[in-house]
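For reference, the structure discussed in these notes is given below.
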Amino acid sequence: MPELPEVETTRRGILPHLLGRRIRALNVRESRLRWPIPAEVPSVVQGQWVRSVERRAKYILMGLDQGTLIGHLGMSGSMRILTGNLPVPRKHDHFDLLMEEGVCLRYHDPRRFGALLWTDGPADEHPLLAHLGPEPLTSAFDGDGLYALARQRKTPVKSLIMDNQVVVGVGNIYANEALYAAGIHPLRPARRISKARYASLVDEIKAVLTRSIETGGTTLRDYVNGEGTPGYFALRLNVYGKSGESCPRCREPIRTVRSGQRGTFFCPRCQR
DNA sequence: ACTGGATCCTGACTGC
DNA sequence: TGCAGTCAGGATCCAG
């Protein structure tokens, strides 16, 4: 389920349960994720204290006394905190990170596109993290920088903002929504967009992600304590998944095309 | 250097 | 009911 707001919500949800606690065991039931969970990880992490729980892009980074556990939720992954008697694992509950005091972080991922890795060195030097673009909610991501990057690019602007080397954390839903909010056609070649319009696009990306993280907070409690997973954030979607429905702004029917194997939704009248 | 396409995997849904 | 086809929140890899 995860786009960046859900990953951030997950991080905030698991943080208080993991921070300052010691890992009793890592119990792996299915190691075949996006990359196999390396065989040595359980013995390496056992007995270590969790010193930090951070996020970079859509990776969740658990800093240990030695090294960092790197988690990723892929397309269908979720984490929840269990306490007390552990329920029998459901299908696709691939690992449990068992902490002191009966706290358990259980990972569920039907499609197995997620990951759990460990690195000894600085996490940001890990090959998966080393070449990532700026975080979208920091000042390192701005209109001028995006405009400069786009100069040589013929690729559709939607592909550009979903490129993790350009900016991280903009998934398909938010790419569609931010482009709608900025009035930019998703298939417009990246180099054919003015600096002013990129400034607006950056503002809208930040706004939609921020709003989504805020509303995600309301489902947090259920997410980490309750049974099952939440639905989507209580985010008002204008175009994503709204094929054929009328544009909230001009009533024109929302259209959908496929671009880069992803569903692309837009208003042909408002977005140019 | 860029770009589009294939790919990993399971499950939900649609249409016949 | 069953079966085939399509699509889904990600992101890497590879050919051209």
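Chain letters run A, B, ... following the sequence lines, proteins first and then strands; every chain starts at 1.
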Quiz item: Between A:Arg112 and A:Arg153, who's closer to the 5' end of DNA chain B by nearest nucleotide?
Solution: A:Arg153
Self-check item: Distance-only side-chain donor-acceptor flag, A:His94 / A:Asp109, under 3.5 Å
Solution: no
Quiz item: What distance, rounded to whole Å, do you find between the two P atoms, one in B:dA1 and one in C:dA11?
Solution: 24 Å
Quiz prompt | Rounded distance (Å) that lies between atom P of B:dC9 and atom CZ of A:Arg32 | solution = 8 Å
Practice problem: Using the rule that two of Ile, Leu, Val, Met, Phe, Trp, Tyr join whenever any of their side-chain heavy atoms come within less than 4.5 Å, decide whether A:Leu149 and A:Leu137 are in one cluster. | Solution: yes
Practice problem: Answer yes or no as to whether C:dG10 has its base stacked against A:Phe113, where stacking requires a ring-centre separation under 5.5 angstrom and planes under 30 degrees apart. | Solution: yes
Quiz item: Mind checking the P distance from B:dT7 to C:dG5? Whole angstroms is fine.
Solution: 16 Å
Quiz item: Strictly by modelled atom types, are A:Asn172 and A:Lys158 linked by a side-chain donor-acceptor pair under 3.5 Å?
Solution: yes
Quiz item: Under 4.0 Å between a side-chain N or O of A:Lys154 and OP1 or OP2 of B:dC2?
Solution: no
Quiz prompt | Nearest-Å distance for atom pair OH/P, residues A:Tyr240 and C:dG10 | solution = 8 Å
Practice problem: Describe the nucleic acid contact of A:Gly171 in one word from base, sugar-phosphate, nothing, applying a heavy-atom distance below 4.0 Å. | Solution: sugar-phosphate
Quiz item: Is A:Pro156 touching bases, backbone alone, or none of the nucleic acid, heavy atoms closer than 4.0 Å?
Solution: sugar-phosphate
Could you tabulate the donor-acceptor pairs under 3.5 Å formed by side-chain atoms of residues 245-263 of chain A, not counting sequence neighbours?
unit_1, atom_1, unit_2, atom_2, d
A:Arg249, NH2, A:Tyr180, O, 3.3
A:Thr256, OG1, A:Thr264, O, 3.4
A:Arg258, NH2, A:Gln261, O, 2.8

Quiz item: Does A:Lys91 have a side-chain nitrogen or oxygen under 4.0 Å from the phosphate oxygens OP1 or OP2 of B:dG11?
Solution: yes
Quiz item: OP1, OP2 of C:dA11 versus side-chain N and O of A:His72: anything below 4.0 Å?
Solution: yes
Quiz item: C:dC13 P sits how many Å from A:Arg34 CZ, rounded?
Solution: 7 Å
Quiz prompt | Salt bridge flag under 4.0 Å for residues A:Glu214 and A:Arg211 | solution = no
Quiz item: Distance check: side-chain N/O of A:Arg151 vs OP1/OP2 of B:dA1, anything under 4.0 Å?
Solution: no
Self-check item: Atom pair distance, as rounded to whole Å: CH2 in A:Trp35 and P in C:dG10
Solution: 14 Å
Quiz item: How do A:Asn164 and A:Arg111 order along DNA chain C: which one's closest nucleotide is nearer the 5' end?
Solution: A:Arg111
Exercise. Output yes when at least one side-chain N/O atom of A:His92 is less than 4.0 Å from OP1 or OP2 of B:dC9, else no.
Key: no
Quiz item: Under a 4.0 Å N-O cut-off, is there an ion pair linking A:Arg21 with A:Glu100?
Solution: no
Self-check item: Sugar-phosphate, base or nothing in reach of A:Arg258, heavy atoms under 4.0 Å
Solution: sugar-phosphate
Exercise. For the pair A:Tyr59 and A:His72, name the ring-plane relationship: parallel under 30°, tilted 30 to 60°, perpendicular over 60°.
Key: perpendicular
Quiz item: What integer distance in Å separates A:Gln261:CD from C:dC14:C1'?
Solution: 13 Å
Exercise. Round to the nearest Å and state the distance from A:Glu30 atom CD to B:dC8 atom P.
Key: 16 Å
Quiz prompt | Presence of A:Thr155 side-chain N/O under 4.0 Å of B:dG4 phosphate oxygens OP1/OP2 | solution = yes
Practice problem: With heavy atoms under 4.0 Å as the rule, sort A:Gly263 into base, sugar-phosphate or nothing. | Solution: sugar-phosphate
Quiz prompt | Contiguous Watson-Crick or G-U pair runs (3 or more, under 3.5 Å) in DNA chain C | solution = B:2-8 with C:10-16, B:10-16 with C:2-8
Quiz item: Charged N to carboxylate O below 4.0 Å: is that the case for A:Arg51 and A:Asp65?
Solution: yes
Quiz prompt | A:Leu117 CG to C:dG10 P, straight-line distance once rounded to whole Å | solution = 19 Å
Practice problem: Round to the nearest Å and state the distance from A:Gln152 atom CD to B:dT3 atom P. | Solution: 10 Å
